[in-house]
Amino acid sequence: MERTKKFIEEKSKEIGIDLSKTEINLFYSYMQNLLEWNKKVNLTAITDEKDIIIKHFIDSIIINKEIEGNTMLDIGSGAGFPGIPLKIINNKMNVVLLDAINKKVTFMNDTINKLDLKNIIAIHGRAEDYAHDDNYREKFDIVISRAVSNMTTLVEYMLPFVSVGGKCLCLKGPSVQEELDSARNAIKILGGKIDKVCEYTVENNERTLIIISKEKNTEQIYPRKQGKPLKEPLR
Ligand code: SAM
């Protein structure tokens with residue numbers, strides 16, 4: 001247990017993040033709960049403790065310097081990545097985690113309760129539906145997403161939730177250029193603008209963070225109804 005906690009502390013330090021004792025304990029409890037639940041529910045293919053720390057925790061918090069504002073939505077959060085690790089280190093932030101699969105949402109809410117995190121909730125449903133709910137539409141400073149869809153589909157899910165002046169943070173693997181090029185028009189249609197593309201590595205894994213700023217309100221017709229953003233991406 002102490003060695004694992006030390007590993008969390010060291011790996012975070014390597015990326016310039018000094019975790020407090022409380023935060024280290026929260027990451028450790030999160031990992032225990034994930035491993036426990038993963039015996040019954042398929043939440044992650046990654047089960048080695050060090051791999052969870054690198055590929056889920058560090059991969060989530062490495063983009064922390066781009067987090068600003070008070071409200072964040074994580075779309076397709078799955079077992080809570082990157083939303084829960086970012087909440088652990090930004091404890092004043094109001095966070096909503098959204099996923100279409102109910103058992104993942106139940107796991108996230110159980111984790112939130114066990115870790116006693118405040119001002120964070122996991123909700124069940126699809127981005128295409130919640131984006132038309134006035135309580136969520138254009139209400140977030142940051143909308144974040146990892147491993148959910150191709151860029152064109154993803155921006156149709158994400159941009160309707162971002163308030164004007166806010167940002168979308170898309171966590172991607174390597175070689176995003178082609179994907180990004182085909183999403184350019186969709187980004188414009190939805191009121192966004194590519195702000196920057198950052199390439200970095202997490203323990204030899206090539207990663208890309210695409211940041212899109214929201215310049216104008218998104219037209220009410222977007223996102224289109226369930227399934228359309230994926231089957232007929234905007235061109
Ligand atoms: N973000 C997590 C991570 O990086 O570990 C989970 C990634 S998992 C590959 C993709 C998740 O996105 C799934 O849990 C799926 O249910 C969710 N998802 C896909 N499309 C969605 C949509 N339109 N609305 C809400 N959730 C969606």
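All ligand and atom numbering here is 1-based and tracks the order in the structure.
Between Tyr30 and Phe81, the ring center distance clears the sub-6.0 Å criterion.
A cation-pi arrangement is absent between Lys39 and Trp37, since the terminal nitrogen or guanidinium carbon is not both under 6.0 Å from the aromatic centre and inside a 45° cone about the axis. With Phe7 as the aromatic partner, Lys50 meets the cation-pi criteria of under 6.0 angstrom to the ring centre and within 45 degrees of the ring axis.
Around CZ of Arg235, the count of heavy atoms belonging to other residues, nucleotides or ligands within 6.0 Å exceeds 12.
Every protein residue with a heavy atom nearer than 4.0 Å to ligand 1 is included here: Gly76, Ser77, Gly78, Phe81, Asp99, Ala100, Ile101, Lys104, Gly125, Arg126, Ala127, Glu128, Arg146, Ala147, Val148, Tyr157.
Applying the side-chain hydrogen bond (donor to acceptor under 3.5 Å, both in side chains) criterion to Lys231, with sequence neighbours excluded, gives no partner residue.
Residues Asp141 and Thr71 have side chains that bring a donor and an acceptor to within less than 3.5 angstrom of each other.
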